[in-house]
*Asks:* 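The structure's right below; bear with me while I get my questions together.
On a predicted model such as this, the values are computed, not experimentally measured, just so you know.
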Amino acid sequence: MNIVFMGTPEFAVPSLEALSDAGYRPQTVVTGPDRGRGRGQSMRPTAVKKAAQTLEIDDIIQPDSVHDASFADALRKRDPDCFVVVAFKILPPSVLSIPSKGAFNLHGSLLPAYRGAAPIHRAVINGDTETGVTTFFLEPTVDTGDIILKKRMPIGPNETTGDVHDRMMHLGAEAVVETVQLIEQGNAPRIPQDNAAATPAPKVHAEEADIPWSEPAATVHNHIRGLSPIPGAWTLHGDTRLKIYRSHLLDDEAEAAHDAAPGTVLSTDGVVHVACGTGAVALDVLQQPGKQRLDAEAFVNGYPMSPGDVLASTAAESVVESAA
């Protein structure tokens with residue numbers, strides 16, 4: 001088939017590579033423009049562009065806008081059978097109508113659950129124990145098209161969004177190849193989504209990242225791992241903003257029991273244990289501004305933190321200010 005592959009970040013690379021390995025190397029790749037990166041703002045290609053060049057795919061399109069008529073015209077000239085879309089922009093109807101066998105997308109959830117920009121983040125934040133990927137035919141409305149296939153995967157109790165992302169992109173590559181095979185054979189199902197069962201997965205914003213210590217320990221733990229590595233959950237220790245990338249729940253009930261206020265540091269003896277609204281969490285990987293990420297033992301060896309110190313969130317500060 002004449003396939004046009006559309007994607008930009010690292011998440012899309014295994015799908016592009018898997019298609020090539022399976023004998024479905026796209027003739028055309030569409031990806032984002034080169035961007036200035038680093039201190040010198042040197043222009044660098046997207047992860048998908050680099051992968052396409054390695055696969056010796058010469059026909060690479062990098063539109064500034066998918067809404068420009070020139071972009072649709074360029075795609076029509078290539079007479080594609082199918083668009084394979086993995087982590088790319090929302091395509092307008094004028095583009096979706098071009099391929100003869102349709103356009104499908106790979107989404108990082110078991111649709112209709114977690115429609116939106118941050119399905120992995122939201123699943124981990126919510127403490128889900130299972131997620132997966134879905135391929136579906138694209139429609140003008142976001143994440144609503146008919147489902148082709150799903151693949152499931154577990155979420156471990158201490159896995160971060162980054163961990164799930166890195167496993168999911170390989171599971172997604174398998175789903176993409178299977179979907180192309182079904183479309184080629186004319187056997188791709190079209191299973192309507194149950195809109196009544198749909199749940200949202202809006203983009204995660206930085207202002208959500210402060211740690212809600214007054215919540216139960218499980219909620220705090222899920223918040224930390226759900227925001228790792230980006231944007232990174234954070235808390236205030238005095239005037240210092242600390243980022244927390246990994247944590248775990250304390251196994252010992254006696255150790256987790258306390259009568260301290262939420263956010264109180266309970267132990268720094270080679271560990272960082274912090275009281276929550278109920279229970280406590282162990283902070284495993286921490287970072288102070290301008291420094292490297294460190295495990296708890298290395299962190300407390302080089303940073304002044306003591307039992308009885310209180311870690312705060314902006315929400316807590318707002319409550320104090322309002323009371324004052």
*Asks:* Could you verify whether a donor N or O on one side chain and an acceptor N or O on the other, from Q288 and R241, lie under 3.5 Å apart?
*Replies:*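 Their side chains do not contain a donor-acceptor pair, so the 3.5 Å distance test is not met.
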*Asks:* Just checking, is any N or O donor in the side chain of T161 or H121 under 3.5 Å from an acceptor N or O on the other one?
*Replies:*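 There is no such pair between these side chains.
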*Asks:* Do T219 and H223 have side chains that approach each other closer than 4.5 Å (heavy atoms only, starting at C-beta)?
*Replies:*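 SC-SC contact between T219 and H223 ruled out.
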*Asks:* Quick check against the 3.5 Å criterion: does R122 have a side-chain atom that pairs as donor or acceptor with the backbone of P202?
*Replies:*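 Yes: the side chain of R122 pairs with the backbone of P202.
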*Asks:* Quick one: do the T46 and T31 side chains pair a donor with an acceptor below 3.5 Å?
*Replies:*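 Short answer, yes.
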*Asks:* Do the ring centers of Y114 and H107 come within less than 6.0 Å of each other?
*Replies:*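 Aromatic pair excluded; centres sit 6.0 Å or further apart.
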*Asks:* Which pair of non-hydrogen atoms, one from C82 and one from I183, has the smallest distance, and what is that distance?
*Replies:*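 Heavy atoms of C82 and I183 come nearest at SG-CD1, 4.1 Å.
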*Asks:* Is it true that the side chains of S100 and D81 contain a donor and an acceptor less than 3.5 Å apart?
*Replies:*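 Yes - a donor-acceptor pair under 3.5 Å links their side chains.
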*Asks:* Count the heavy atoms belonging to other residues, nucleotides or ligands that lie under 6.0 Å from CD1 of I90, then report whether that count exceeds 12.
*Replies:*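 At most 12 heavy atoms, drawn from other residues, nucleotides or ligands, come within 6.0 Å of this atom.
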*Asks:* Going by distance alone, is a donor N or O of one side chain under 3.5 Å from an acceptor N or O of the other, for Q27 and D59?
*Replies:*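 Looking only at side-chain atoms, D59 and Q27 do not form any donor-acceptor pair under 3.5 Å.
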*Asks:* Do other residues, nucleotides or ligands put more than 12 heavy atoms under 6.0 Å from I230 CD1?
*Replies:*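 Atom CD1 in I230 is not packed in, count stays at 12 or less.
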*Asks:* Against V272, only a single residue in V281, V300, L266 fulfils side-chain contact (heavy atoms from CB on, under 4.5 Å); can you say which?
*Replies:*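 With V272 as partner, side-chain contact (heavy atoms from CB on, under 4.5 Å) holds for just one option, V300.
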*Asks:* Indicate whether the side chain of D309 and that of S306 have a donor and an acceptor atom separated by less than 3.5 Å.
*Replies:*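 Not at all, the side chains of D309 and S306 share no donor-acceptor pair under 3.5 Å.
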*Asks:* Compute whether any side-chain donor of one residue and acceptor of the other, for Q181 and Y24, lie under 3.5 angstrom apart.
*Replies:*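 No.
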*Asks:* Crowded around E56 CD? As in, over 12 foreign heavy atoms under 6.0 Å?
*Replies:*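 Check fails, neighbour count at 12 or below.
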*Asks:* For residues S313 and W213, is any side-chain donor paired with an opposing acceptor at under 3.5 Å?
*Replies:*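 Distance-only check fails for S313 and W213.
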*Asks:* Quick check: do I224 and L283 have side-chain heavy atoms less than 4.5 Å from each other?
*Replies:*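 I224 vs L283: side chains touch.
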